[in-house]
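Shown next, in structure tokens, is the structure this report addresses.
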There are 2 protein chains.
Amino acid sequence: MGITERKERQRGELREHILQVARDMVMKEGFGALSMRKLADAVEYAPATLYLHFENRDAIARELCVRGFQELLAALEPAAAVKDSAERLSQLAEAYLAFGLKHPETYRLIFMEDPKLSADLFQDKKEGPGPKSFALLVRAFEDLKADGRALEATSAERLAEVFWAGLHGIISLKLTCSGFQGAPAEALVKTLVATLVHGPKPARRSR
Amino acid sequence: MGITERKERQRGELREHILQVARDMVMKEGFGALSMRKLADAVEYAPATLYLHFENRDAIARELCVRGFQELLAALEPAAAVKDSAERLSQLAEAYLAFGLKHPETYRLIFMEDPKLSADLFQDKKEGPGPKSFALLVRAFEDLKADGRALEATSAERLAEVFWAGLHGIISLKLTCSGFQGAPAEALVKTLVATLVHGPKPARRSR
DNA sequence: AGCAATAAATGAACGGTGTTCACCGAACGG
DNA sequence: CCGTTCGGTGAACACCGTTCATTTATTGCT
């Protein structure tokens with residue numbers, strides 16, 4: 001009686017296929033260009049069929065959102081493995097920036113589109129990709145403080161939040177107000193790392 | 001023969017009225033909820049009439065965008081008049097944050113919606129509200145450097161860009177990923193100012 | 001005053017969107 | 001073999017931005 005299992009599997013495969021095609025559309029033409037009708041057309045089903053697998057267009061978007069975030073998290077992993085805390089933060093910043101510039105539409109979807117979409121990422125206080133990747137930053141700053149190389153008056157959590165916000169600001173400004181920044185994003189990230197991590201004064205040398 | 005003048009004036013007044021109503025709609029329900037038909041309905045004209053005064057929906061959005069930015073610039077003006085450079089930067093940051101939190105939909109429209117909209121703000125290299133307000137920040141950092149209170153290895157322009165990006169990151173994350181930040185935005189801005197302006201080490205006391 | 005010209009405003013249409021629901025047909029269980 | 005269940009769909013509803021021929025109002029001129 002593996003017949004209902006087969007059906008379930010096929011159902012899941014179709015769902016996956018739809019998401020895959022939707023992902024391609026978003027990456028190629030942006031989230032705004034993702035329409036249920038075009039998507040249905042692309043997967044060769046009637047529009048109504050999509051609603052058998054997803055409640056909404058937003059449901060698809062949310063799913064793409066968490067998947068995009070997981071990709072981002074995966075892209076950060078190598079950098080997170082670096083031993084030295086300062087170097088780790090520097091490489092995390094570079095990896096984060098690289099992801100944002102390489103997948104602008106995905107980045108937009110995750111962080112700039114709609115609060116409803118990103119809500120899923122951070123609702124679980126401990127689990128979920130959002131807090132998990134944030135914890136990477138916090139740990140790095142904790143290590144940095146343990147080495148006596150960071151502002152002692154400020155908690156690692158807050159430093160991590162400011163760090164993330166700084167990175168996000170650089171990327172999102174580049175994505176929407178491209179003509180604004182004079183310096184390339186890489187240089188700005190370097191400055192951000194220099195001030196927040198290495199300390200702002202006359203570019204102190206290590207410990 | 002002031003008759004054509006009267007017509008011109010009336011034309012301008014209607015245009016202004018349309019923009020005013022559109023502004024209200026955006027502030028109340030967000031840019032996405034601004035539709036030509038609802039707007040036409042609100043000003044009691046046929047939809048087609050709007051196209052006698054604006055090329056596009058985007059044209060209206062662009063206009064709202066530059067006006068929003070001018071409001072932002074106006075909100076920064078008091079802070080920009082402060083003598084002490086460090087204090088000035090601190091107050092500029094506070095004012096910027098306050099504007100973003102007070103007019104979230106306007107802020108979204110200016111900085112987070114569509115590159116096409118914000119393009120107008122920064123295209124003129126020297127004139128225009130964009131470069132003008134950016135110059136405020138640059139000047140503040142120049143003054144800060146003149147007082148010997150800032151990273152000498154980094155240009156004032158770059159510091160200003162990172163500063164702006166940091167502020168924008170804090171606000172835009174708050175607006176879209178509200179559940180993300182643990183600390184209130186004001187605290188994050190304070191930390192940002194502390195590290196970028198006052199210097200990160202043990203919270204140095206003024207000059 | 002009456003008429004031609006000009007400007008303002010519109011109704012209706014086109015092609016697009018998300019979403020719903022009654023319906024169909026094929027596969028399944030008894 | 002028949003009834004039920006379920007994947008799939010066509011057609012519809014209510015919107016959207018935009019265009020254009022047409023109507024309506026206003027102006028300038030004779």
Side-chain angles (χ1 to χ4, degrees), chain A residues 1-19 21-26 28-65 105 109 113-117, chain B residues 1-19 21-26 28-65 105 109 113-117:
Chain A
M1 185 59 53
I3 193 162
T4 72
E5 296 169 11
R6 188 207 60 187
K7 293 202 121 188
E8 258 183 51
R9 195 193 58 218
Q10 283 180 343
R11 226 185 107 82
E13 280 170 3
L14 176 52
R15 202 187 127 96
E16 205 61 29
H17 180 53
I18 292 172
L19 279 172
V21 174
R23 200 186 93 113
D24 292 352
M25 292 178 96
V26 168
K28 220 195 306 169
E29 317 173 69
F31 173 62
L34 173 66
S35 92
M36 296 300 267
R37 299 178 117 103
K38 281 197 296 182
L39 178 54
D41 213 60
V43 297
E44 298 182 292
Y45 278 92
T49 305
L50 300 181
Y51 292 85
L52 301 180
H53 298 269
F54 300 94
E55 186 198 351
N56 256 346
R57 190 182 100 114
D58 275 6
I60 298 180
R62 276 199 306 270
E63 187 109 17
L64 292 180
C65 199
E105 297 302 341
L109 183 63
E113 209 64 55
D114 195 319
K116 284 181 301 185
L117 303 185
Chain B
M1 188 60 52
I3 193 163
T4 73
E5 296 170 12
R6 188 207 60 186
K7 293 204 118 189
E8 259 182 50
R9 194 193 60 216
Q10 282 179 342
R11 226 186 105 83
E13 279 170 4
L14 176 51
R15 201 187 128 96
E16 205 61 30
H17 181 53
I18 294 172
L19 279 172
V21 174
R23 199 187 93 114
D24 291 352
M25 292 179 97
V26 167
K28 220 193 309 167
E29 317 173 68
F31 173 61
L34 173 66
S35 92
M36 297 299 268
R37 297 179 119 104
K38 281 197 298 182
L39 178 55
D41 212 61
V43 296
E44 297 180 292
Y45 278 93
T49 305
L50 300 181
Y51 292 84
L52 300 179
H53 298 270
F54 300 94
E55 185 198 351
N56 256 344
R57 190 181 101 114
D58 276 7
I60 297 180
R62 276 198 306 269
E63 185 108 17
L64 292 180
C65 199
E105 297 301 342
L109 183 62
E113 209 63 55
D114 196 321
K116 284 182 299 185
L117 303 184

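Throughout, protein chains are lettered first and strands after them, A, B, ... in sequence-line order, and every chain is numbered starting at 1.
- Checking A/Y51 against B/L14, the closest nucleotide of DNA chain C that is more toward the 5' end is the one next to B/L14.
- Rounded to a whole Å, the CG atom of A/L50 is 13 Å from the C1' atom of D/dG7.
- Whole-Å rounding puts the B/L34 CG to D/dC15 P distance at 17 Å.
- Rounded to an integer number of Å, the gap from CZ of B/F54 to P of D/dG17 is 14 Å.
- Listed nucleotides C/dA8, C/dG11, D/dG8 differ in distance to A/Y45; the shortest reach to its side chain belongs to D/dG8.
- Of the options B/M25, B/R57, B/E105, a side-chain contact (heavy atoms from CB on, under 4.5 Å) to B/F31 is made by B/R57 and by none of the others.
- Looking at A/R37, its side chain comes within 3.5 Å of the base of C/dG18 through a donor and an acceptor atom.
- Distance from the side chain of B/A48 is smallest for C/dG11 among the nucleotides D/dG7, C/dT20, C/dG11.
- Checking the phosphate oxygens (OP1, OP2) of D/dT18, a side-chain nitrogen or oxygen of B/N56 falls inside 4.0 Å.
- Nearest to the side-chain atoms of B/H53 among the listed nucleotides D/dT9, C/dA9, D/dT18 stands C/dA9.
- The interatomic distance linking A/I60 (CD1) with C/dT19 (C1') rounds to 12 Å, in whole Å.
- Annotation: A/E13, atom CD; neighbour count of heavy atoms from other residues, nucleotides and ligands within 6.0 Å is above 12.
- As rounded to whole Å, 14 Å separates atom C1' of C/dT6 from atom CZ of B/R11.
- Minimum interatomic distance between A/A22 and A/L39 (heavy atoms only, all atoms of both residues): N-CD1, 3.8 Å.
- Taking side-chain N and O atoms only, A/S35 has no distance below 4.0 Å to OP1 or OP2 of C/dG16.
- Place A/L52 and A/P47 on DNA chain D by their nearest nucleotides, and A/L52 ends up nearer the 5' end.
- We find the CG-CG distance between A/L19 and A/L14 to be 9.5 Å, quoted to the nearest 0.5 Å.
- The interatomic distance linking A/L39 (CG) with C/dT17 (P) rounds to 11 Å, in whole Å.
- B/Q10 CD: more than 12 foreign heavy atoms inside a 6.0 Å radius.
- Note: CG (A/D41) to P (C/dG15) measures 16 Å, nearest angstrom.
- In this structure, B/Q10 atom CD and D/dA25 atom C1' are separated by 13 Å, rounded to whole Å.
- Closest to the side chain of A/R57, out of C/dA9, C/dT19, D/dC20, is C/dT19.
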